[in-house]
Amino acid sequence: MNARPWYREPMVLLVIALPAAAVVAGITTLVLAAGGDSGDARVRRVAQTQTADLAPDRAAAALGLAGELTLDANGAVTLRFDGSPPAATVLRLELRHATDAGRDRGARLVSAGEGVFVGRLEAAREPGAYNVELAPERVDWRLVGRLEAGSARLRLVAALED
């Protein structure tokens, strides 16, 4: 009878490899979980609850702000407010990619008169859906919307109703 060395036995490899793989996966999960943060400074975690500052959303609802945002293929952005426009002359537009923060984009919009603001994205928009946020530089109010993949228009509204 010709005996194989222990390291050539399939059962021995299973007995050693499966627990070793579980330990490596557990350590990797722990490192990833410990190193992450929410990425949003306006969100606080207190005990087991998560709270966010909703004052800008309430202010936008009280002012009755809403508008239509259009993006073209070259990165030009046009925003038309419904009714009376806000008093701000410079607005900050943030496009947050739904799954990859590396694809986030931003733009500075300036008033072109009569409730219209124009600007250009800092970098070309990549494929995928985006959560959009518009606010003045002091963040007195905030409008939000969702730009679906392949879409070039979206409606921006207050996240809360007055």
Side-chain angles (χ1 to χ4, degrees), residues 5-63 65-77 79 86 88 90-109 117 119-162:
W6 68 270
Y7 55 85
R8 294 233 169 187
E9 286 293 330
M11 291 306 280
V12 172
L13 288 176
L14 282 176
V15 167
I16 294 172
L18 286 177
V23 168
V24 169
I27 291 171
T28 302
T29 301
L30 180 64
V31 168
L32 291 173
D37 65 356
S38 70
D40 195 344
R42 296 164 302 185
V43 176
R44 293 184 301 127
R45 285 178 174 67
V46 180
Q48 292 293 321
T49 63
Q50 179 173 311
T51 59
D53 182 14
L54 300 177
D57 300 309
R58 288 189 184 102
L63 293 169
L65 295 175
E68 175 125 350
L69 185 75
T70 306
L71 294 103
D72 75 7
N74 298 324
V77 180
L79 171 67
V90 177
L91 301 176
R92 182 74 188 149
L93 178 71
E94 296 290 335
L95 278 72
R96 294 191 179 95
H97 194 271
T99 59
D100 182 4
R103 295 181 180 181
D104 289 358
R105 299 293 181 254
R108 185 173 179 263
L109 305 180
F117 285 76
R120 182 167 298 282
L121 290 177
E122 296 163 350
R125 190 176 73 165
E126 295 192 31
Y130 286 86
N131 295 315
V132 180
E133 182 178 305
L134 176 77
E137 291 179 331
R138 287 187 36 214
V139 192
D140 297 331
W141 51 265
R142 173 176 51 222
L143 297 178
V144 296
R146 173 113 172 140
L147 183 62
E148 296 299 333
S151 180
R153 289 191 114 104
L154 77 140
R155 184 104 177 111
L156 292 173
V157 297
L160 300 174
E161 293 182 17
D162 191 27

Contact check, side chains of [X] and [Y], non-hydrogen atoms, under 4.5 Å:
X	Y	result
R108	V90	yes
L69	L143	no
P86	L65	yes
L154	E148	no
L109	L134	yes

Run D57 and R142 through salt bridge (Lys or Arg N to Asp or Glu O under 4.0 Å) and show every step you take. CA-CA 5 Å; D57 300 309; R142 173 176 51 222; 2.8 Å; yes

Heavy-atom pair of closest approach, residues [X] and [Y]:
X	Y	value
A66	V157	CB-CG1, 4.3 Å
A60	W141	N-CB, 3.8 Å
R153	T70	NH2-OG1, 3.6 Å
Y130	R125	CE1-CG, 3.5 Å
A129	R146	CB-NH2, 3.3 Å

Gap between atom CD of E9 and atom CG of L14 - 0.5 Å precision: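 Between L14 CG and E9 CD, I get 11.0 Å after rounding to 0.5 Å.
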
Measuring from R92:CZ to E137:CD, what's the distance to the nearest 0.5 Å?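 If I round to the nearest 0.5 Å, the distance is 8.5 Å.
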
Can you name the one residue among L71, L156, V144 that meets side chain to side chain contact (heavy atoms under 4.5 Å, CB included) with V132?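 Considering L71, L156, V144, a side chain to side chain contact (heavy atoms under 4.5 Å, CB included) with V132 is found only for L156.
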
Give the table of side-chain donor-acceptor pairs shorter than 3.5 Å for residues 28-35, with sequence neighbours excluded, one pair per line with atom names and distance.
unit_1	atom_1	unit_2	atom_2	d
T28	OG1	V24	O	2.9
T29	OG1	A25	O	2.9

Check: E126 main-chain N/O paired with R105 side-chain donor or acceptor under 3.5 Å: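 A pair under 3.5 Å: no.
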
Short question: side chain of N74, backbone of A76 - any donor-acceptor pair under 3.5 Å?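 Judged by distance alone, no pair lies under 3.5 Å.
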
